[in-house]
Number of protein chains: 2
Amino acid sequence: MPRPSHADERRRQLLPIVASAFAELGYRRTTTAELAKRCKVRENILYRLWRDKKAMFVASIEFVYALSAETWRRLLAEGGDGKPPAERLLQYESEHHGESGLQRLVFAGLSETNDPAIHRALRTMYRRFHRFIGEQITAYRDDRRPPQPDVGLSAWAVIGLGTLTSIVQELNLLKSGERKRFMAEVGHLLIEGRPAA
Amino acid sequence: MPRPSHADERRRQLLPIVASAFAELGYRRTTTAELAKRCKVRENILYRLWRDKKAMFVASIEFVYALSAETWRRLLAEGGDGKPPAERLLQYESEHHGESGLQRLVFAGLSETNDPAIHRALRTMYRRFHRFIGEQITAYRDDRRPPQPDVGLSAWAVIGLGTLTSIVQELNLLKSGERKRFMAEVGHLLIEGRPAA
DNA sequence: GTATATTGTAGGTGTGTACCTACATAACCA
DNA sequence: TGGTTATGTAGGTACACACCTACAATATAC
């Protein structure tokens, strides 16, 4: 029998490179030639690992989200000297926002394609994202002080907060310190239902 | 003397068509050929009105924002049977969100280009947007009930709310009714600093 | 009417790009 | 060792796209 295929492993090796290219350049400007160059392989090797460019993009979305979620889970698991988990998440994101490139992939997927497969991938990603945030908010909340806004709505709003933060960062609309304050104060308001002290 | 130039008027005629094409297709997929077709002119006529494709895009951003702001101003001016202005704005947007295509232009500008002129145009647009929303929130607030969150932060958060709503709509993540409720409840929380009754 | 500049038409051109074909090489299993 | 198949190399193709050139037509001011 012939050689066994190491395609899965190869995909795992190259996906981070592919994803970061898409996040940096968007969908259209990320040419398959550029991808090949960054991966240090020939184009048609990429085409042996994924059916087409679209499939590379979809895989990138899934990869980047999985990576982010994993990072957050680790952060939350490492035990937080008393601080509430959702607040730690927000603080972490206010310092590392944009690093994963997730938002840039979303913008690219929304504006550069009308592809149903890509939209499906984004939808699935957002649903997972929303559920994850919702779980953190629920875990964080203190039942003793209602009224608090609906968890589902809060979770969407927190995601929107992240999206806007990423735009604000991209366009240099707020300095780093202001951005952190924005994230912390509005985040608190959305989660707790009242302004921070 | 020769014929006078009607270029300004021509630009005003064509800009709505150009802008809606960019909003619908993004930057890259909006080819100059497609623009010409929709405008029912030859390509090089567009190139006589704007230096290049980038200039057409920048003009579109300015046009669409000006149009939105004008719509909101008219809405607020027409006197609102007792309702507070910011709430009417939010309600209006929850019903008409996405119609202007402003958010799609932002996504396109952010993901499909790295052009400084385009980023400058987006930055200016956001600053105006932020100031406008801030003014509405200030006008709306009731001084008798502190504590309320910082107006500047609230205004950014409201913009973020709009952005997320547009993504949610694009991806069909919430039904229309849920989207409206989201906009109303979170908007209230952001502006007033406490959940709606 | 005529000179002059604005409009409109027709057709490139050079480049970029997704994806493919043909073939050489090397790893694996019997 | 030999047969089979994964992996790598080199080059190509068909098309799409931003932008340009050359020229005809037409509207205005005198």
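Source: prediction; values computed, not measured. Within every chain, numbering begins at 1; the chains are lettered A, B, ... in the order of the sequence lines, protein sequences first and strands thereafter. The analysis underlying the following values was restricted to heavy atoms, covering all of them including side chains, and did not include hydrogens, waters or symmetry mates.
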Checklist line | Members of residues 22-29 of chain B that approach DNA chain D, where some heavy atom sits under 4.0 Å away | finding: none
Note to self: If we count only N and O atoms by modelled type, under 3.5 Å, do the side chains of B:W72 and B:Q136 hold a donor and an acceptor together?
What the structure shows: no
Check: How many Å lie between CG on B:L49 and C1' on D:dC19, as a whole number?
Finding: 15 Å
Next item on the list: Starting from C1' on D:dC17, measure out to OH on B:Y47 and report it in whole angstrom.
Entry: 9 Å
Notebook entry, point to check: C:dC19 P sits how many Å from A:I45 CD1, rounded?
Noted result: 17 Å
Note to self: A side-chain contact here means heavy atoms from C-beta on lying under 4.5 Å apart; do A:T71 and A:Y92 qualify?
What the structure shows: yes
Item checked: Pairing residues for A:R120 by the side-chain contact (heavy atoms from CB on, under 4.5 Å) criterion, not counting sequence neighbours -> A:P116, A:A117, A:R123
Checklist line | Contact list for residues 9-34 of chain B, test ring pair (Phe, Tyr, Trp, His ring centres under 6.0 Å), sequence neighbours left out | finding: B:F22-B:Y27, B:F22-B:F57, B:Y27-B:F57
Notebook entry, point to check: Tell me the salt bridge (Lys or Arg N to Asp or Glu O under 4.0 Å) pairs involving residues 159-169 of chain A, sequence neighbours left out?
Noted result: none
Margin query: Give me each pair satisfying salt bridge (Lys or Arg N to Asp or Glu O under 4.0 Å) with a member in residues 162-190 of chain B, each pair once, sequence neighbours excluded.
Written below: A:D150-B:R181, B:E95-B:K180, B:R104-B:E170, B:R181-B:E185
Notebook entry, point to check: Does A:Q13 have any side-chain contact (heavy atoms from CB on, under 4.5 Å) partners at least two apart in sequence or in another chain, and if so, which?
Noted result: A:E9, A:R10
Margin query: Give the residues of residues 30-43 of chain B touching DNA chain D, defined as any heavy atom closer than 4.0 Å, sorted by residue number.
Written below: B:T30, B:T31, B:T32, B:E43
Margin query: Is there a side-chain contact between A:L189 and A:P195 in this structure, where contact means two heavy atoms from C-beta onward sitting under 4.5 Å apart?
Written below: yes
Checklist line | Nearest non-hydrogen partners of B:A108 and B:G26, listed with the distance | finding: CB-CA, 3.9 Å
Next item on the list: Enumerate the residue pairs fulfilling salt bridge (Lys or Arg N to Asp or Glu O under 4.0 Å) with a member in residues 39-56 of chain A, sequence neighbours excluded, ordered by first and then second residue.
Entry: A:K54-A:D115
Note to self: Can you pull out every ring pair (Phe, Tyr, Trp, His ring centres under 6.0 Å) where at least one residue sits in residues 104-127 of chain B? Sequence neighbours excluded, please.
What the structure shows: A:F107-B:F107
Would you list the protein and nucleotides 22-24 of chain D atom pairs, both N or O, that sit under 3.5 Å from each other?
none

Check: Does anything in residues 13-37 of chain B pair up under salt bridge (Lys or Arg N to Asp or Glu O under 4.0 Å), and if so which pairs, sequence neighbours excluded?
Finding: B:E24-B:R38, B:E34-B:R38
Checklist line | Within-4.5 Å side-chain heavy-atom neighbours: A:L174 and A:T165 | finding: no
Item checked: Integer-rounded Å distance: D:dT7 C1' and A:L46 CG -> 13 Å
Check: Starting at CD of B:E112 and ending at P of D:dC17, how long is that distance when rounded to a whole Å?
Finding: 13 Å
Notebook entry, point to check: Where along residues 50-62 of chain A does a heavy atom come under 4.0 Å from DNA chain D, residue by residue in number order?
Noted result: none
